[in-house]
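Heads up: numbering here begins at 1 and tracks the sequence. Quick caveat: nothing in here was measured; it's all calculated off a predicted structure.
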Amino acid sequence: ATILLLLLGLLVGLPLLRAHGVTGSAAPTPPPLPVLPVPSYAQLQWQLSEMALFLHFGPNTFTDSEWGSVRADPAVFAPSALDAGQWARAAAAGGFGRVVLTAKHHDGFCLWPSALTNYSVAASPWKGGAGDVVGELAAAARAEGIGLGLYLSPWDRHEPVYGDTVAYNEHYLGQMTELLTRYGDVEEVWLDGAKGEGKDMDYMFDAWFALIHQLQQRVVIFSDAGPDTRWVGDEAGVAGYTCWSPFNKSTVTIGHIIPEYSRCGDPFGQDWVPAECDVSIRPGWFWHASEKPKNATTLLDIYYKSVGRNCLLILNVPPNSSGLISTEDMQVLQEFTEIRQTIFSQNFAANATVTASTVRGGLGNQQFAPSNVLQESIYSYWAPEEGQSSWEMLFDLGQSASFNVIQLQEPIQMGQRVIKFRVEILVDELWQTIVEGTTIGYKRLFQFPVVEGQFLKLSIDGARADPLISFFGVFTDSFSVTYSLENHEKPSVVNSSEVIMLRTDHSFGNKSIATM
């Protein structure tokens, strides 16, 4: 009888304890395990910056050449109005998270007063030999709140010891030390494998990488093979339609890549080495008076095919012989910025009602709720219950909208997961596929002919682990010629691997409408 009374007391008292918050509350659901590899802090900051402004500048700017020669007199370097502040302001205003300067190109001329050579700004008439382009840009970048990156060419056509492996590697490491200890934080070091013909020269890359990471804690190193970011394999600014950040660094070497592998990455890769897409606003990399910049819609197309394919875009905008970014280039940058702001400032899914087939921790768990995908941040996301083989998210935009761009993002700090997905629109009570895709990564942008509707469905048909989605956006691009609103038509067959709009799904139509 005593035991029965105790049990009765416990049963009566438990609701009271719960009401006062003493016990009974559900334990919070932890995040899912990350899927390796994952980015480092520096790699994550690099990816979040999305774009960098490349600045090719040096004697070539004044001699109308690209690679230059050892014969250019330092006296040719004489910019009359050099303003690194203008370069940094242009980058910041255009949404570029960092600037990368050719501190030394193949000609060997140093844009800082290096103690290891007499071929530098110290030997030029600019500022009476007391100038320092790297120093001025470092200060300007800090003032604008953007990062600084530096390119130090391995190939030095002026240095006498080039060709002597030990002596030149010591020389190179000495110059790298100057750059990484004089100018504060450096967020990116840009390298290539360029070599002079007829020279028996070995670059000690591992020693270089070790020194760079030793001197700069938050730096990423770019090269054909990483170690932190990789070359996408072309100079057109275009990534693979499928683009994985996982990669095997051992598969390629600097100077010897496998183009398709660099372009697409590797879903089985053991290293996190995301791709960087380089392209110049002009035909050449250095400024030439006879050349004209690409227009803003061309840059927009490159943006879709680089940033919109899980990469960082590094756009070269070379200063002219006055030391300024040319007016016509500035105009294109401004138009490019305004176009992007116009397109992505109105998200038709911003106030959507979102449901999902499952939610980690249960349908009522707000920590991983489907509505998290309406916030443009990788740090909140939808997560499904474990053990599923396919996944769906349904979106009610609230009213019918016309659009031709979809943006998807994964929380890449948890690893890159999605292998295959599709987005469908409800048209006349039938689901029709707008796009089919493979990888998402940090950001995926899809363009397609304008469609109109209120209900959308995201289906994930394959993933390396439980898929996580951090953002889903719906936009209108009226600037791109191919997919402008003027070409508005019903969903149709499109001759592209990106857009498949013919498939109709009868079996799930009514069920999905009821779920929404």
Side-chain angles (χ1 to χ4, degrees), residues 30-53 91-92 95-100 141 145-150 184-191 209 212-223 225-232 239 243-249 265-267 269-278 303 306-314 368 372-373 375-383 407-418 439-445 463-471 473:
L33 285 173
V35 176
L36 300 178
V38 295
S40 68
Y41 174 86
Q43 288 172 318
L44 198 55
Q45 299 310 305
W46 171 91
Q47 188 90 62
L48 291 170
S49 68
E50 293 199 355
M51 297 191 298
L53 198 68
F96 297 85
R98 61 188 61 187
V99 286
V100 179
I146 59 175
L148 174 68
L150 297 171
D185 290 340
V186 175
E187 295 188 359
E188 184 163 358
V189 171
W190 222 83
L191 301 174
F209 298 160
I212 293 166
H213 279 138
Q214 182 184 86
L215 297 178
Q216 292 285 337
Q217 295 181 352
R218 297 184 177 183
V219 72
V220 295
I221 302 172
F222 165 93
S223 80
D228 302 311
T229 74
R230 73 180 193 263
W231 184 39
V232 77
C243 192
W244 291 97
S245 294
F247 192 74
N248 280 325
K249 291 184 284 190
D266 186 348
Q270 300 299 304
D271 308 301
W272 185 273
V273 191
E276 188 162 336
C277 300
D278 59 328
Y303 178 84
S306 55
V307 175
R309 292 182 179 176
N310 186 40
C311 298
L312 181 138
L313 170 61
I314 181 165
F368 303 109
N372 288 342
V373 305
Q375 307 169 40
E376 194 167 359
S377 168
I378 64 170
Y379 296 108
S380 60
Y381 51 87
W382 163 73
Q407 177 179 328
L408 287 164
Q409 292 185 252
E410 291 182 86
I412 57 171
Q413 71 275 15
M414 304 296 289
Q416 190 175 350
R417 298 167 178 249
V418 175
T439 50
I440 295 175
Y442 167 68
K443 180 175 286 189
R444 191 66 194 263
L445 295 170
R464 295 172 65 226
D466 294 329
L468 309 175
I469 301 298
S470 60
F471 184 70

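- Shown here are the salt bridge (Lys or Arg N to Asp or Glu O under 4.0 Å) partners of Glu188, two or more places apart in sequence or in another chain: Arg98.
- Checked against side-chain hydrogen bond (donor to acceptor under 3.5 Å, both in side chains), Asn372 has no partners two or more places apart in sequence or in another chain.
- Considering CZ of Arg444 and CZ of Phe471, their distance stands at 16.0 Å, rounded to 0.5 Å.
- In this structure, CG in Leu53 is found 9.5 Å from CG in Leu313, a value given to the nearest 0.5 Å.
- Looking at His213 and Ile221, their side chains come closer than 4.5 Å, going by heavy atoms from C-beta outward.
- The side-chain heavy atoms of Trp244 and Asp266, taken from C-beta on, include no pair separated by under 4.5 Å.
- For the atom pair Leu445 CG and Ile440 CD1, the distance stands at 11.5 Å (nearest 0.5 Å).
- Looking at every heavy atom in both residues, Asp228 comes nearest to Pro274 through O-CD, 3.3 Å.
- For Arg218, the CZ atom counts as loosely surrounded, since its 6.0 Å shell holds 12 or fewer non-hydrogen atoms of other residues, nucleotides or ligands.
- Scored by the side-chain hydrogen bond (donor to acceptor under 3.5 Å, both in side chains) test, Trp190 finds Glu276 as partners (sequence neighbours excluded).
- Applying the side-chain hydrogen bond (donor to acceptor under 3.5 Å, both in side chains) criterion to Ser223, with sequence neighbours excluded, gives no partner residue.
- Every residue meeting the side chain to side chain contact (heavy atoms under 4.5 Å, CB included) condition with Pro32, not counting sequence neighbours, appears here in chain and number order: Arg360, Phe368, Tyr381, Met414, Leu468.
- No side-chain heavy atom of Leu312 sits less than 4.5 Å from a side-chain heavy atom of Thr229.
- Two residues are said to be in side-chain contact when any heavy atoms from C-beta on lie closer than 4.5 Å; Leu48 and Ile378 meet this criterion.
- Residue pairs meeting the salt bridge (Lys or Arg N to Asp or Glu O under 4.0 Å) criterion with at least one member in residues 39-53, sequence neighbours excluded: Glu50-Lys443.
- Note that CZ of Arg230 is 9.0 Å distant from SG of Cys277, once rounded to the nearest 0.5 Å.
- Judged as a side chain to side chain contact (heavy atoms under 4.5 Å, CB included), and not counting sequence neighbours, the contacts of Gln270 are Asn248.
- The ring pair (Phe, Tyr, Trp, His ring centres under 6.0 Å) test applied to Phe247 returns Tyr261, not counting sequence neighbours.
- For Asp466, the side chain to side chain contact (heavy atoms under 4.5 Å, CB included) criterion is met by Pro384, Glu386, Trp391, Arg417, not counting sequence neighbours.
- Listed by chain and number, the residues in a side chain to side chain contact (heavy atoms under 4.5 Å, CB included) with Leu36 are Val38 (sequence neighbours excluded).
- For Gln409, the side-chain hydrogen bond (donor to acceptor under 3.5 Å, both in side chains) partners at least two apart in sequence or on another chain are Gln407.
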